[in-house]
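Remarks on the structure that follows.
Just the heavy atoms: all of them, side chains too, but no hydrogens, waters or symmetry mates, feed the values below. Residue numbers start from 1 in every chain, and the chains themselves are labelled A, B, ... in the order their sequence lines are given, proteins ahead of strands.
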Protein chains: 2
Amino acid sequence: MSSPKTRTRIQEKNRARVLEAALDVFSRHGFRGATLDEIATEAGLSKPNLLYYFVSKEEIHVTLLEGLVDTWLDPLRDLDAGGDPQEELLAYVRRKLQMSRDLPRESRLFAQEIVQGAPRMKDGLATDLKALVDEKAEVLRGWSAAGRLAPVDPHHLIFSIWSLTQHYADFDVQVRAVLGEGREPIDEAEVFLDALFRRVLAP
Amino acid sequence: MSSPKTRTRIQEKNRARVLEAALDVFSRHGFRGATLDEIATEAGLSKPNLLYYFVSKEEIHVTLLEGLVDTWLDPLRDLDAGGDPQEELLAYVRRKLQMSRDLPRESRLFAQEIVQGAPRMKDGLATDLKALVDEKAEVLRGWSAAGRLAPVDPHHLIFSIWSLTQHYADFDVQVRAVLGEGREPIDEAEVFLDALFRRVLAP
DNA sequence: CGTGCCCTTGACCATTTGGTCAAAAAGAAA
DNA sequence: TTTCTTTTTGACCAAATGGTCAAGGGCACG
């Protein structure tokens with residue numbers, strides 16, 4: 001009945017501008033640290049105008065987060081139980097690293113939400129996320145049992161992939177500070193992580 | 001001359017209480033998201049009283065961060081160039097994981113500062129941190145060259161240790177949500193990471 | 001026990017913040 | 001062009017925020 005479907009061209013465009021600006025601001029300062037003024041300015045709208053498209057600061061944040069979860073899990077969904085275990089997992093690592101390269105703000109937004117205790121998405125974690133991870137963990141367990149993959153805890157293996165790839169987006173400043181100028185962190189990470197996981201995954 | 005050394009017992013005690021409370025609040029909400037009122041309340045002091053011990057919100061944050069850097073790097077300093085490569089590095093992993101267990105708030109405070117671009121500690125990163133890491137990276141390179149350690153990029157190896165261990169403090173909510181109740185993430189991580197790094201480090 | 005210093009606080013302040021509202025401006029439809 | 005709806009905004013508001021200040025309370029020490 002009251003499905004919020006039909007959107008004007010203007011609505012479509014301005015909501016997108018708001019979300020784009022909000023992604024920038026939220027990912028830099030976290031939810032509490034972000035201000036509507038800053039988002040509005042960066043979106044090129046007045047504050048009341050911004051609140052014409054989203055009823056509250058929280059709605060913007062939640063909208064952003066919701067849109068993000070799927071994007072975030074897609075690479076894991078693509079893991080094919082019918083494929084070659086090592087190649088499937090190495091491809092997953094590559095896809096996740098690619099996301100750190102292409103969507104660093106999204107990664108940091110996500111990271112901040114989790115670090116701060118995920119007050120606005122705990123449900124999603126314990127349901128959707130857990131369900132998908134459990135499913136894929138079962139696949140990994142099967143591979144291990146069949147001797148096609150090292151006998152490692154599948155959940156922690158998945159954590160290790162998340163952690164190692166997202167690190168290059170979330171801790172970018174630190175990584176660059178330590179490596180010094182002239183080095184391209186993620187290019188190097190691609191080589192490093194490929195070698196690392198080849199060793200880790202071999203049966 | 002104007003060294004801020006001599007501190008009353010009361011000063012010592014109340015500064016400590018403030019820092020303790022601030023650690024809690026900053027690690028939960030980040031710098032901008034934290035409020036003096038919240039810190040004051042949690043410290044059991046009035047706001048003006050709090051500002052008697054620290055001149056500003058920023059000074060509290062900086063004090064916290066400064067005190068943290070050393071603690072954070074100590075485990076790496078302990079890496080002994082004279083020891084057995086694999087055992088030295090595995091011990092480093094264990095020490096870092098122990099810090100995730102014992103000092104999760106400190107880890108999250110640190111993480112938030114980095115994720116937000118390290119506006120209050122960029123210098124420290126590019127100087128102190130880089131210097132120590134470069135030094136230890138040289139040790140690792142030597143080990144690799146001598147065939148006592150896998151031939152991996154030493155900087156990225158160190159990043160991988162940071163990332164994999166701190167993940168269990170910083171992303172605790174997510175890890176627990178995915179694992180479900182009744183599992184002790186860091187206990188499991190100890191086993192998992194030991195196995196992982198044995199494979200990664202072997203020459 | 002008095003004196004001087006350290007500590008504490010209630011009252012206060014300017015600014016910022018998330019959010020409202022009525023009215024004007026700009027489209028869209030006729 | 002007229003009418004009706006969608007967008008946009010200036011003015012406004014209550015609450016929160018970082019921070020100040022003068023005055024009162026406590027404590028140590030002679």
Side-chain angles (χ1 to χ4, degrees), chain A residues 2-65 109 112-113 116 119-120, chain B residues 2-65 109 112-113 116 119-120:
Chain A
S2 69
S3 78
K5 279 232 170 166
T6 43
R7 295 241 170 81
T8 320
R9 236 165 305 143
I10 298 183
Q11 265 169 26
E12 212 67 60
K13 188 192 70 180
N14 280 349
R15 280 181 66 97
R17 287 172 68 179
V18 170
L19 289 176
E20 163 68 23
L23 172 59
D24 232 72
V25 176
F26 280 134
S27 73
R28 278 206 308 268
H29 304 300
F31 179 75
R32 285 225 219 176
T35 71
L36 288 182
D37 287 284
E38 202 178 340
I39 297 173
T41 300
E42 200 165 314
L45 300 175
S46 66
K47 189 167 55 168
N49 200 183
L50 183 159
L51 286 166
Y52 171 74
Y53 292 104
F54 292 87
V55 298
S56 70
K57 182 182 176 183
E58 179 143 3
E59 199 208 307
I60 303 177
H61 196 241
V62 169
T63 303
L64 227 35
L65 249 28
L109 176 72
Q112 297 218 39
E113 174 69 7
Q116 298 186 4
R120 257 164 279 281
Chain B
S2 69
S3 78
K5 280 235 171 166
T6 41
R7 296 241 170 81
T8 321
R9 237 165 305 140
I10 297 183
Q11 265 167 27
E12 212 68 60
K13 189 191 68 177
N14 279 349
R15 280 181 64 98
R17 287 172 66 180
V18 170
L19 289 176
E20 163 68 22
L23 172 60
D24 233 71
V25 176
F26 281 134
S27 72
R28 278 205 310 267
H29 304 301
F31 178 74
R32 287 224 218 172
T35 72
L36 288 181
D37 286 284
E38 201 176 342
I39 297 172
T41 301
E42 198 163 316
L45 300 175
S46 66
K47 189 166 56 170
N49 199 183
L50 183 159
L51 288 165
Y52 171 75
Y53 291 105
F54 293 87
V55 299
S56 69
K57 183 182 175 181
E58 178 143 4
E59 198 208 309
I60 303 177
H61 196 242
V62 169
T63 304
L64 227 35
L65 249 27
L109 178 72
Q112 298 217 39
E113 174 69 8
Q116 298 185 4
R120 259 165 278 280

Do any N or O atoms of the protein come closer than 3.5 Å to N or O atoms of nucleotides 23-30 of chain D, and which pairs are they?
none

Does a nitrogen or oxygen in the side chain of Gln11(B) sit under 4.0 Å from OP1 or OP2 of dC7(C)? yes
Ring-plane angle category for Phe26(B) and Phe31(B), please: parallel below 30°, perpendicular beyond 60°, tilted otherwise. parallel
Among dG19(D), dT20(D), dT20(C), the one nearest Pro48(B) by side-chain distance: dT20(D)
Atom pair distance, as rounded to whole Å: CG in Asp37(A) and P in dT17(D): 16 Å
Side chain to side chain contact (heavy atoms under 4.5 Å, CB included) between Thr63(A) and Glu59(A), intermediate numbers included: CA-CA 6 Å; Thr63(A) 303; Glu59(A) 199 208 307; 4.1 Å; yes
Derivation and outcome, side chain to side chain contact (heavy atoms under 4.5 Å, CB included), residues Leu109(A) and His61(A): CA-CA 10 Å; Leu109(A) 176 72; His61(A) 196 241; 4.0 Å; yes
Whole Å only: how far is the NZ atom of Lys57(A) from the P atom of dT16(C)? 16 Å
Residue Lys47(A), side-chain atoms from C-beta onward, closest of dT7(D), dG19(C), dC7(C): dG19(C)
Tell me: CG of Leu50(A) to P of dT20(C), nearest whole Å? 12 Å
For Leu36(B), answer base if it contacts any base atom (sugar-phosphate contacts may also be present), sugar-phosphate if it contacts only those atoms, and nothing otherwise; contact means non-hydrogen atoms under 4.0 Å. sugar-phosphate
Specify the separation, in whole Å, of atom OH of Tyr52(A) and atom C1' of dA24(C). 14 Å
Side-chain contact check for Asn49(A): nearest option of dT8(C), dG18(D), dT9(D) is dT9(D)
Contact class for Ala40(A) vs. all strands (heavy atom < 4.0 Å): base, sugar-phosphate, or nothing? nothing
Within less than 4.0 Å of OP1 or OP2 of dT8(C), is there a side-chain N or O belonging to Asn14(B)? yes
dist Leu45(B):CG -> Tyr52(B):OH (nearest 0.5 Å) comes out at 12.5 Å
Give me the atom names and distance for the closest heavy-atom approach of Val18(B) to Ala43(B). CA-CB, 4.1 Å
What verdict does the side chain to side chain contact (heavy atoms under 4.5 Å, CB included) test give for Arg32(B) and Arg32(A), after you've listed the backbone C-alpha separation in whole Å, the side-chain angles of each residue and the deciding distance to 0.1 Å? CA-CA 7 Å; Arg32(B) 287 224 218 172; Arg32(A) 285 225 219 176; over 6 Å; no
Integer-rounded Å distance: dT9(C) P and Leu51(B) CG: 13 Å
Which listed nucleotide (dT8(D), dT17(D), dT9(C)) is nearest to the side chain of Thr35(B)? dT17(D)
At their closest point, which heavy atom of Gly30(B) faces which heavy atom of Gln116(A), and how far apart are they? N-NE2, 4.3 Å
When rounded to whole Å, the NZ to C1' distance for the pair Lys13(B) and dC6(C) reads 13 Å
Base, sugar-phosphate, or nothing for Tyr53(B), non-hydrogen atoms under 4.0 angstrom? sugar-phosphate
Measure CD1/Ile39(B) against C1'/dT17(D) and give the value in whole Å, please. 12 Å
Nearest-Å distance for atom pair CZ/P, residues Phe54(A) and dG19(C): 13 Å
